[in-house]
Amino acid sequence: MMDDVRPTVVEVSLARLTENFRAIQAAVGRATVMPIVKSNAYGHGLVPVGRHLAGLGATSLGVALLEEAVALREAGVTLPILVMGGILGHQIPIFLRHGLTLTASSIDKLRQIDEAARELGVRAKVHLKVDTGMERIGVHYYNAQGLLERAAECRHAVVEGIYSHFANADADDLGSARVQLERFLEVLQWYDKRGVRPPMRHMANSGAILQLPESYLDLVRPGILLFGVYPSAEVRRTIPVRPVLSWKSRVVYFKVVRPDHPVSYGSTWRSDHQVRIVTIPVGYGDGYFRALSNTAQVAIRGKRYPVVGRVCMDQIMVNIEWDSAYNGDPVVLLGTDGAATITCEDLAGWAGTIPYEILTNINTRVPRVYV
Ligand SMILES: *Cc1c(COP(=O)(O)O)cnc(C)c1O
């Protein structure tokens, strides 16, 4: 399979994705799992992942942007799709034409949605967004009553859900996450007081799914955990998941480099003895961060070797000292090769970022292969 494409590929294990989805579903009991597939499904490929999850019985999907939801619709995914990001008025008719679920994050946005739905003669599906401590989109918890009251009056917008988002659910100290949950539960009392059934209530991201079962409510929104990566180093790993993504390439060049002959742009690395250097066709143009220069490792023939010199746009150089490697030898940039494993956390640590950014940064020019 790797022969008919560029040797640098992302390999996505749909079997692992299935296992992770089932492990999360088992852990959250009666709550519904809404997989979050924004940002190209965390780099795993939006449409193939969306379709696979639909096939596993997911009853809805969540994305950040309208375009992501439209791409799923155009690929034939008919599940309810919640777009969680902020919206502008001119986008609303596109949501409605595709039967997408909108996030109403203010009274004004809700009014615009209701009006657009009236004009088009359709019903708009919305989830209300309450800000309980993220200070991103959503009405403040202390002002949420007005939005809930306005929502009850809407004739063309149908409120199917109400949600909030944690800022610190993957932290060791869950104090602030608990405060956010309290605030959300207080907002939800509005429904109790009026004796009406609340719409679908949801708040839990991966961190909360792992650490805060009381936040499961009606539905949970796992993103990174579905892909087998934990959201932080300190989070309690209460649900076993395994990485879905591997990033692989092959040796395309071998050379012997003499002592004191520097490697790559800026001549930032040199050896004081003769070494064997192999070139791998991947670079920052693929999303292999330039910050990995002189810090990252790759696996070749089951052993880890350092990336030496600057990461170029399309190539990196690796020092194999006096070991052997041949053109065409597999190279693992992220994943497991025999006894050697390079994790997403490793790359994040070396690049000075978080695993989320490692995954979502892998460029679309890297072909995705599904196994
Ligand atoms: C991205 C996102 C999620 C999923 O977050 P993970 O930490 O990847 O689980 C859930 N809810 C909202 C609103 C998001 O933006």
Side-chain angles (χ1 to χ4, degrees), residues 17 20-21 23-25 27-28 31-44 46 49-50 53 58 60-69 80-87 100-105 109 126-139 141 161-171 174 176-177 180-181 184 200-213 215-239 241 243-245 344-345 348 353-362:
L17 182 60
N20 296 343
F21 177 76
I24 294 167
Q25 184 64 79
V28 302
T32 302
V33 177
M34 177 167 78
I36 303 303
V37 293
K38 60 191 178 184
S39 198
N40 200 25
Y42 291 60
H44 295 63
L46 173 64
V49 166
L53 290 165
S60 63
L61 297 172
V63 294
L65 309 180
L66 173 58
E67 296 88 311
E68 295 172 328
I81 303 172
L82 172 64
V83 176
M84 300 182 297
I87 59 168
L100 301 169
T101 309
L102 302 96
T103 293
S105 52
K109 306 252 184 203
V126 306
H127 285 213
L128 307 176
K129 182 70 190 283
V130 180
D131 185 343
T132 55
M134 182 76 180
E135 300 298 346
R136 200 164 64 176
I137 63 169
V139 289
Y141 63 97
I162 180 165
Y163 72 109
S164 191
H165 188 57
F166 285 112
N168 300 299
D170 59 357
L174 292 172
S176 97
Q180 279 195 263
L181 178 58
F184 188 48
M200 250 186 307
R201 307 156 302 158
H202 52 106
M203 187 160 185
N205 56 1
S206 294
I209 292 168
L210 290 164
Q211 308 202 98
L212 215 58
S215 72
Y216 293 169
L217 304 174
D218 301 316
L219 179 149
V220 298
R221 305 192 304 264
I224 201 155
L225 194 63
L226 261 179
F227 301 104
V229 177
Y230 291 93
S232 69
E234 57 273 25
V235 80
R236 294 165 192 78
R237 303 188 171 199
T238 54
I239 303 173
V241 292
V244 171
L245 183 148
C344 207
E345 288 82 357
T353 183
I354 55 173
Y356 291 80
E357 199 183 15
I358 295 294
L359 292 174
T360 57
N361 197 56
I362 304 174

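The residues of the chain are indexed from 1 along the displayed sequence. Both counts, for ligands and for their atoms, begin at 1 and track the order of listing.
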For this session: Examine the proximity of ligand 1 to R136 and report which part, side chain or backbone, both or neither, has a heavy atom under 4.0 Å away.
Result: side chain
Exercise. Does an N or O from I224, backbone or side chain, lie closer than 3.5 Å to an N or O of ligand 1?
Worked result: yes
Seminar exercise, completed: When every non-hydrogen atom of L46 is compared with those of V63, the smallest separation belongs to CD1-CG1, 4.5 Å
Exercise. Under 3.5 Å, side chain of D131 to main-chain N/O of V139, donor-acceptor pair present?
Worked result: no
For this session: Please identify each residue that fulfils side-chain hydrogen bond (donor to acceptor under 3.5 Å, both in side chains) with S105, with sequence neighbours left out.
Result: none
Problem set entry | Heteroatom distance test (S206, ligand 1): nitrogen or oxygen, under 3.5 angstrom | yes
Exercise. Between the main-chain N or O of H127 and the side-chain N or O of T103, is there a donor-acceptor pair closer than 3.5 Å?
Worked result: no
For this session: Using distance alone, determine whether Y42 and ligand 1 share an N or O pair under 3.5 Å.
Result: yes
Exercise. Just which atoms of ligand 1 are under 4.0 Å from any heavy atom in K38?
Worked result: 1 (C), 2 (C), 3 (C), 14 (C), 15 (O)
Problem set entry | Under 3.5 Å: N/O of G223 near N/O of ligand 1 | yes
Exercise. Should the pair Y163 and H202 be assigned to parallel (<30°), tilted (30 to 60°) or perpendicular (>60°) ring geometry?
Worked result: parallel
Exercise. Hey, does Y356 come in under 3.5 Å of ligand 1, counting only N/O atoms on both sides?
Worked result: yes
Seminar exercise, completed: for atom 11 (N) of ligand 1, nearest protein heavy atom and its distance come out as R221 NE, 2.9 Å
For this session: Considering non-hydrogen atoms only, spot the tightest contact between L245 and H44 and give its length.
Result: CB-NE2, 3.3 Å
